[in-house]
Each structure stands twice: as structure tokens, then as C-alpha cells.
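Worksheet for the structure shown next.
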Amino acid sequence: MPFDLTLDSGLIILIAAFDLYLVVRFFQFRKQLMVRGAVPARLVALVILCAVVVWQASQGKFTSYIAVFNVCTILGVALVAVTPSGLSKEGILCNVMPTPWAKIFYYDIEPYSEKKIRLRAHLAASERSLIFDKEQQDLVEAHLRANDVMTFEAYKASRQR
């Protein structure tokens, strides 16, 4: 049976290519991190997304290659879940997308729980949020200052001039 590039096999190839991209990003990010953090509620959202996609695929909504599609989807979600997040020399690594320091207007650090803090890095139209251990707060702030990221108070002061 010759290989037939239909919509079904094209979708599988696309998801497999995305999985390969995630594997490459995983190894890149793992080497670049200087301060490791976590994305809040990332795992919950990924599990829900994976369950919905796998359920729909099992119903035959996407492709006739149900098993291959489901394996590729679960692999992709697992890779996103284990890709490290945190601070690097280049910027904030959050999920699989890096944010360069130049795009961050200011940051704010707030308590998240008894033993955790939350870094909120504000961009032009969105924000990146990461959770760190409370013991890492000085290291996180030093890393942000070293990369010329303003605190919220400094940002407000610069806007009032």
C-alpha cells in the first residue's frame, strides 16, 4: 500500500513535527536556565486540554489514525509539562516560548503561598507568571536587576516624569 498524504496523515505529520520541536526546546531550555521556576496551574490546563483532544480523536473527529494521533498528542502534552521554566541569560523561559528581557516593561514579586513567591513580568499586552521558592527571591531579584528590568515602582516613577 503506497503512502497517501491525506489530511489524516498530514495532521499526524504536523503533530509529530511539533513533538520534535518540543524535544529540541526541552534540551535547549534545560541548559539555559539560571533560576528554575514553575508556571502556575500549567499541569491542570494541560491535562484538561489533552483529555478533550484525546476524547474527540477517539470519537473520530480529527483523523482515522486514532492511536497514532492520541500517542502524538499525549507526548506533546507531556513534553510541554516537563519543559523547564525560569530565568535565563536571554529572558524568561515560560512553557516553550522564551520572552527576551527587552520585551519586559516591569516586574512585580508577590507572595504566592507560605513557601512560594510569584514573579509577574509585564509585557506590552500580557504578562508572564512564574512561581519560585521563597529562598530564591534574592536570586530572582538580582537576576532581574542584572538584566535591567524595572520594578513596578520604578516603572511608575519613570512614567510620571
Side-chain angles (χ1 to χ4, degrees), residues 1-104 107-137 139-140 143-144 147:
M1 175 193 245
F3 183 72
D4 183 25
L5 186 61
T6 63
L7 181 62
D8 283 350
S9 55
L11 186 60
I12 299 296
I13 291 170
L14 184 66
I15 289 178
F18 181 67
D19 288 349
L20 182 62
Y21 167 78
L22 291 175
V23 168
V24 169
R25 296 304 277 183
F26 172 79
F27 287 107
Q28 282 179 334
F29 284 5
R30 198 180 78 191
K31 293 177 184 177
Q32 292 178 359
L33 280 182
M34 300 184 80
V35 184
R36 192 178 186 109
V39 178
R42 170 171 62 177
L43 195 55
V44 173
L46 287 174
V47 168
I48 291 170
L49 175 68
C50 183
V52 168
V53 169
V54 167
W55 173 257
Q56 291 295 316
S58 298
Q59 302 297 316
K61 304 284 189 208
F62 299 127
T63 179
S64 57
Y65 303 110
I66 295 169
V68 176
F69 181 83
N70 286 344
V71 167
C72 287
T73 301
I74 291 169
L75 178 64
V77 168
L79 286 169
V80 170
V82 299
T83 299
S85 297
L87 306 178
S88 74
K89 289 180 182 176
E90 290 80 30
I92 293 179
L93 303 176
C94 191
N95 291 325
V96 294
M97 299 306 291
T99 302
W101 293 119
K103 292 191 174 194
I104 301 170
Y107 73 93
D108 191 23
I109 293 180
E110 59 190 29
Y112 184 73
S113 69
E114 190 174 306
K115 297 180 181 180
K116 305 269 185 196
I117 58 166
R118 174 156 78 179
L119 167 68
R120 296 174 63 185
H122 297 269
L123 310 169
S126 64
E127 111 180 2
R128 300 287 182 263
S129 185
L130 288 172
I131 306 299
F132 295 96
D133 290 331
K134 206 169 239 179
E135 295 84 35
Q136 291 181 305
Q137 183 169 355
L139 184 60
V140 168
H143 197 69
L144 290 163
N147 289 289

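Heavy atoms only: backbone and side chains are in, while hydrogens, waters and symmetry mates are out.
A 4.5 Å side-chain heavy-atom check between L87 and I92 finds at least one atom pair inside the cut-off. No side-chain heavy atom of P84 sits under 4.5 Å from any side-chain heavy atom of Q32.
How far CG of L144 is from OH of Y107: 5.5 Å, rounded to the nearest 0.5 Å. Residue D108 holds its CG atom at 10.5 Å from OG of S129, rounded to the nearest 0.5 Å. Rounding to the nearest 0.5 Å gives a distance of 11.5 Å between CG of L119 and CZ of R128. For the atom pair D19 CG and I74 CD1, the distance stands at 11.0 Å (nearest 0.5 Å). How far OG of S88 is from CZ of R36: 13.0 Å, rounded to the nearest 0.5 Å.
For E135, the salt bridge (Lys or Arg N to Asp or Glu O under 4.0 Å) test picks out no residue, with sequence neighbours left out. The side chain to side chain donor-acceptor pair (under 3.5 Å) test applied to Q137 returns E141, not counting sequence neighbours. Applying the salt bridge (Lys or Arg N to Asp or Glu O under 4.0 Å) criterion to D133, with sequence neighbours excluded, gives K116. R118 meets the salt bridge (Lys or Arg N to Asp or Glu O under 4.0 Å) test with E110; sequence neighbours excluded. Qualifying side chain to side chain donor-acceptor pair (under 3.5 Å) partners for N147, counting only residues two or more places apart in sequence or in other chains: W101.
Considering all non-hydrogen atoms of both residues, T83 and L79 come closest at OG1-O, 2.6 Å. Scanning both residues, V82 and F26, for their nearest heavy atoms gives O-CE1, 3.4 Å. Summarising the geometry of H122 relative to R120, their closest heavy-atom pair is CD2-O, 3.4 Å, with the distance given to 0.1 Å. When all heavy atoms of L130 and S85 are compared, the pair lying nearest together is CD2-CB, 3.8 Å. A pairwise comparison of heavy atoms in L93 and L33 identifies CD1-CD2, 3.7 Å as the closest pair.
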**Message:** Is there a side-chain contact (heavy atoms from CB on, under 4.5 Å) between I104 and L123? Walk through the geometry before answering.
**Reply:** CA-CA 5 Å; I104 301 170; L123 310 169; 3.7 Å; yes

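The salt bridge (Lys or Arg N to Asp or Glu O under 4.0 Å) contacts involving residues 84-104 comprise nothing, where partners must be two or more places apart or lie in separate chains.
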